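Since we're looking at a predicted model, the values are computed, not measured. Letters go in sequence order (proteins before strands), and every chain restarts at 1.
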Number of protein chains: 2
Amino acid sequence: MPVGTLVTMDPHLLRTFVTVARLASFSGAARELGYTQSAVSQHIAALEGDLGLPLLARRPVAPTRAGERLLEHARPLLLRLDAARADLTRMAAAPAGDLTLAAAPLAVHPDTLAALPATRVTLRVLPRDEIPAALAAGTADLGIVDGLAAPNDPLRLPDVAPLTATRVAEAPLAVHLPAGHPLAHRPGLRLGDLIDARWLDAPAAGLPLDRLRAAHGTPGFRPALRYDGTDVRTLTALAAAGHGLTLLPATIPPAPGATAVPLTEPRLVHRTELLRTGEPAGPAATVAAALTTPPQSARVGHPARRG
Amino acid sequence: MPVGTLVTMDPHLLRTFVTVARLASFSGAARELGYTQSAVSQHIAALEGDLGLPLLARRPVAPTRAGERLLEHARPLLLRLDAARADLTRMAAAPAGDLTLAAAPLAVHPDTLAALPATRVTLRVLPRDEIPAALAAGTADLGIVDGLAAPNDPLRLPDVAPLTATRVAEAPLAVHLPAGHPLAHRPGLRLGDLIDARWLDAPAAGLPLDRLRAAHGTPGFRPALRYDGTDVRTLTALAAAGHGLTLLPATIPPAPGATAVPLTEPRLVHRTELLRTGEPAGPAATVAAALTTPPQSARVGHPARRG
DNA sequence: CGACCGGCATCAGCGTTTCTGATCGAGGGT
DNA sequence: ACCCTCGATCAGAAACGCTGATGCCGGTCG
């Protein structure tokens, strides 16, 4: 299949456009990018002339409707471009002995830690959505991400670069409730029972509430206390203290004063996956192999192949 | 957050690289792209020099390991770039009166057809995975895609451009069996009961088998007859004739001599979604509104926001 | 009210990039 | 042995993209 025939839209122009939009200033963008203000002006003029549309309102500088749209295209495009470059230049360099692992907060499982070599390892905890970008940019060699999914369903991840995802583990889910909660003694809970409850909102550490809403197909799941850290023990403690419910993998023990009740419906699991760029090399390969004993691999770049 | 600082990797160079790789020929690519062979040679040299890696073996011309990797980056990149360009230039042109609708084979539902205006409409049936690209390229104004999904889960689609997906319908699933089949009189079937059966392999028309394997987490689901068309009636007839089983939305009636048995486990639905680029305008807006009476919208560009 | 100042547009000029066209060496087929 | 195709390389010409200077507009302050 032939790849398109248009091309143009020089990434340099896109980059200055994005910068101008972010700073709301031509001269500011020029300073940041190391250009003359004149050059920046010409860049924007070139883009607008090429597309036949005004992209920015001047005085004050703000993107037009078309400009907004171009930003939506340009930002991921530049991300991918940098990712491609980083990936390829990495292939040129010899594989270093050091290994950097980027992990989402709930994705670091004791088994995982046991599989790591003793030395020259950096473990970096990042928000889930930034891990693919970190891999792509070469900031990390291996990624561990987690999320809610139907059993055996791969996770949905931002598509910034051709990454390979491998299933590491799946665990059932449990709702953490304070011991005195009326539902705390049930053997199992359905998500529908808990729509009207108040939930901890912990986007960095836990499972985001909008994912629950999507899974159940309703709004609801009102946020109570918001926790911006990544520490899971704090989260369970908050649940024990009655600040709201949390849904966590069943492998996480509840804090004293709390109970973890298995979630029975819908059939969701907490899935963790290993992410890597292309062929693993050097120490990354060893760790990757150790983490994925039952190999169940899937490409995430083009998810629709499986849909 | 600032967008990366590297840039370079001129798309023109990437385009000639992709073309050279596809044609396995420098001069062939030159002919196709309207360059001199000399220019193509210099393009490749520039890329290789820039990255510090050989990308192509000469004589015969074939991508190296690094070249393969670059292709994986470059192809979606160019796709996105063209999509961005097409999207923006479309904004420049006045919205035409004509409406082109790209639909996956199983996604065209009677209700959908009823919602269409009487004139100036083109309905084009495409493989599911090509619909986002068609929208992005401006070949179609609206897309209708379908697929297997957990209830209330959005579909997984190739991420070529910022598209908006809206739920149109969800239907339960049914397995089509010949009337004489031992399981034909069951009230319901579980997917696990059918791993060892032979299945129709109809990637263009039906639900792909590898999606079933993913849903059940096992290999199995051996392909029997392969059907490359997109006609659903043929598919049901093939199932009736005993050429293999098919899984179809329960809204599709079985052919004479066949029975449709509801699928009870796992909890999967046949979901159809409406796709559009940014803000709908002109007649597309009317149709889009008509198709999505209960609005349940979601951005597909960055699926991880919900996971 | 007028001068000033910051910010974007425009222009000429020049250095660099990036084509073309010609030439060369290496293989492969006749 | 010859020719023909293919890719690499080189010199020159055209095109491109940057800088620095200048112009214009709007807001601000004496």
S.K.: Whether B/R58 and B/E48 form a salt bridge (side-chain N of Lys/Arg under 4.0 Å from carboxylate O of Asp/Glu) is what I want to check.
M.R.: yes

S.K.: Are any of A/Y35's side-chain N or O atoms less than 4.0 Å away from OP1 or OP2 of D/dC18?
M.R.: yes

S.K.: Please report the distance, rounded to the nearest Å, between CD in A/Q37 and P in D/dG17.
M.R.: 18 Å

S.K.: Take atom CG of B/D10 and atom P of C/dT17, then tell me their distance rounded to the nearest Å.
M.R.: 13 Å

S.K.: Between A/E32 and A/R15, is there a side-chain N and carboxylate O pair less than 4.0 Å apart?
M.R.: no

S.K.: Holding to ring-ring contact (aromatic ring centres under 6.0 Å, His included), I want the full list of residues that pass it with A/Y227, two or more places apart in sequence or in another chain.
M.R.: none

S.K.: Going by salt bridge (Lys or Arg N to Asp or Glu O under 4.0 Å), name the residues that satisfy it together with A/D87, two or more places apart in sequence or in a different chain.
M.R.: A/R90, B/R69

S.K.: A/A104: what forms a side chain to side chain contact (heavy atoms under 4.5 Å, CB included) with it, not counting sequence neighbours?
M.R.: A/A107, A/R128, A/I131, A/D146

S.K.: Just how far, in rounded Å, is C1' of C/dG6 from CG of A/L23?
M.R.: 16 Å

S.K.: Whole angstrom is fine here: how far is it from CZ in A/F26 over to P in C/dG7?
M.R.: 13 Å

S.K.: Do A/T166 and A/R276 meet the criterion of a side-chain donor-acceptor pair at a distance under 3.5 Å?
M.R.: yes

S.K.: What residues in residues 38-54 of chain A put a non-hydrogen atom under 4.0 Å from any atom of DNA chain D?
M.R.: A/S38, A/A39, A/Q42, A/H43

S.K.: Would you check if there is a donor-acceptor pair between the side chains of A/S38 and A/Q42 at a distance under 3.5 Å?
M.R.: yes

S.K.: Taking atom P of C/dC8 as reference, at what distance in whole Å does atom CG of A/L55 sit?
M.R.: 16 Å

S.K.: Identify whether any heavy atom of B/G34 sits under 4.0 Å from a base atom; if not, whether one sits that close to sugar-phosphate; answer base, sugar-phosphate or nothing.
M.R.: sugar-phosphate

S.K.: Going by side chain to side chain contact (heavy atoms under 4.5 Å, CB included), name the residues that satisfy it together with A/T139, two or more places apart in sequence or in a different chain.
M.R.: A/R124, A/A134, A/A137

S.K.: What does nucleotides 24-30 of chain C look like as a protein-contact string, B for base, S for sugar-phosphate only, - for none, at under 4.0 angstrom between heavy atoms?
M.R.: -B-----

